[in-house]
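The next block holds one structure in the form of structure tokens; read it before the comments.
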2 protein chains.
Amino acid sequence: MNKPKYHILVCTSSRVNGQQKGFCHTKASVDIINNFMEEIEDRGLGGKVMVSNTGCLALCEKGPVVVIYPDNIWYGGVTADDVDEIMNEHIEGGQVVKRLEL
Amino acid sequence: MNKPKYHILVCTSSRVNGQQKGFCHTKASVDIINNFMEEIEDRGLGGKVMVSNTGCLALCEKGPVVVIYPDNIWYGGVTADDVDEIMNEHIEGGQVVKRLEL
């Protein structure tokens with residue numbers, strides 16, 4: 001299969017029973033995922049970069065949490081305003097955003 | 001941070017609006033994630049192996065989809081009965097389960 005070059009996971013506290021509650025969700029993680037989706041489309045990276053919401057990533061006190069695979073880089077305390085920097089530096093530039101890394 | 005050795009993603013069709021609808025969800029993906037959680041606990045791998053539910057992974061016709069990171073191995077058509085094999089072969093044995101690989 002044609003795997004994405006980058007798979008961005010955003011904790012949105014989605015529970016398997018359909019509820020969506022938790023720290024990351026209260027901290028506007030849905031805005032984070034929406035911003036990633038917009039940036040991926042605006043930059044024409046739709047086939048190369050994928051973004052997915054996830055259930056709790058068990059680092060609530062460090063949330064909202066974003067993970068970039070297959071690089072295995074975990075970011076914490078991410079805001080919707082940080083999305084542009086992550087796209088520029090990491091996804092397009094190949095550099096870890098050190099100030100957000102867990 | 002202490003990253004998990006393996007992060008298992010299971011598509012449960014969780015939507016960011018809190019709904020949980022879609023192909024993988026209808027195909028009992030919640031049973032898949034529950035089986036992974038039980039196997040991780042039974043095998044004492046709680047600190048090393050993490051499992052997360054995700055939103056749609058955009059391969060619905062090949063679902064239910066399970067992804068193992070950071071290996072970047074994508075499995076399709078997974079059933080709850082396949083969990084034991086994935087745990088034995090991949091997570092504990094380090095070998096890709098070829099018959100399920102996408």
Side-chain angles (χ1 to χ4, degrees), chain A residues 1-22 24-26 28-37 40 46-59 61-77 100-102, chain B residues 1-22 24-26 28-37 40 46-59 61-77 100-102:
Chain A
M1 64 169 282
N2 192 17
K3 297 174 186 175
K5 183 180 178 189
Y6 289 113
H7 194 174
I8 302 166
L9 306 184
V10 181
C11 177
T12 53
S13 319
S14 300
R15 298 182 185 185
V16 291
N17 65 2
Q19 282 186 303
Q20 194 162 235
K21 289 181 181 174
C24 289
H25 187 246
T26 65
S29 60
V30 174
D31 292 341
I32 296 172
I33 206 164
N34 286 340
N35 282 13
F36 271 120
M37 284 176 176
I40 289 166
K48 295 176 185 167
V49 181
M50 188 174 185
V51 59
S52 298
N53 57 304
T54 75
C56 181
L57 294 175
L59 290 166
E61 75 285 0
K62 295 175 180 165
V65 175
V66 171
V67 189
I68 314 285
Y69 281 123
D71 290 8
N72 200 12
I73 297 297
W74 293 59
Y75 294 126
L100 296 172
E101 192 181 16
L102 293 176
Chain B
M1 66 170 282
N2 190 19
K3 297 174 186 174
K5 182 179 178 189
Y6 288 114
H7 194 173
I8 301 166
L9 306 183
V10 180
C11 177
T12 53
S13 319
S14 300
R15 298 183 185 184
V16 292
N17 66 1
Q19 282 185 304
Q20 194 162 235
K21 289 181 180 175
C24 288
H25 188 246
T26 64
S29 59
V30 173
D31 292 340
I32 295 172
I33 204 164
N34 286 340
N35 283 12
F36 272 120
M37 285 176 176
I40 289 166
K48 295 177 184 165
V49 180
M50 189 173 183
V51 58
S52 297
N53 56 304
T54 75
C56 181
L57 294 175
L59 290 166
E61 75 286 356
K62 294 174 182 167
V65 174
V66 170
V67 189
I68 313 285
Y69 281 122
D71 289 7
N72 200 13
I73 297 298
W74 293 58
Y75 293 126
L100 297 172
E101 192 182 15
L102 294 175

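- Residue A:Ile32 comes nearest to A:Pro64 through the heavy atom pair CD1-CB, 3.8 Å, listed as atom of the first residue, atom of the second, then distance.
- In this structure, chain B has heavy atoms under 4.5 Å from both the backbone and the side chain of A:Leu57.
- Heavy-atom minimum distance, B:Val10 versus B:Ser29: CG1-O, 3.8 Å.
- Ranked by heavy-atom pairs under 4.5 Å with chain B, the list A:Asn72, A:Leu59, A:Val67 is led by A:Asn72.
- Contacts between A:Leu102 and chain B at a heavy-atom distance below 4.5 Å involve backbone atoms as well as side-chain atoms.
- Neither the backbone nor the side chain of A:Ile68 comes within contact range of chain B; no heavy atom of the residue lies under 4.5 Å from a heavy atom of that chain.
- In this structure, A:Val49 and A:Pro4 have side chains that are not in contact, with every pair of non-hydrogen atoms separated by 4.5 Å or more.
- Using bins of under 30°, 30° to 60° and over 60° for the plane-to-plane angle, the ring pair B:His7/A:Trp74 lands in the parallel bin.
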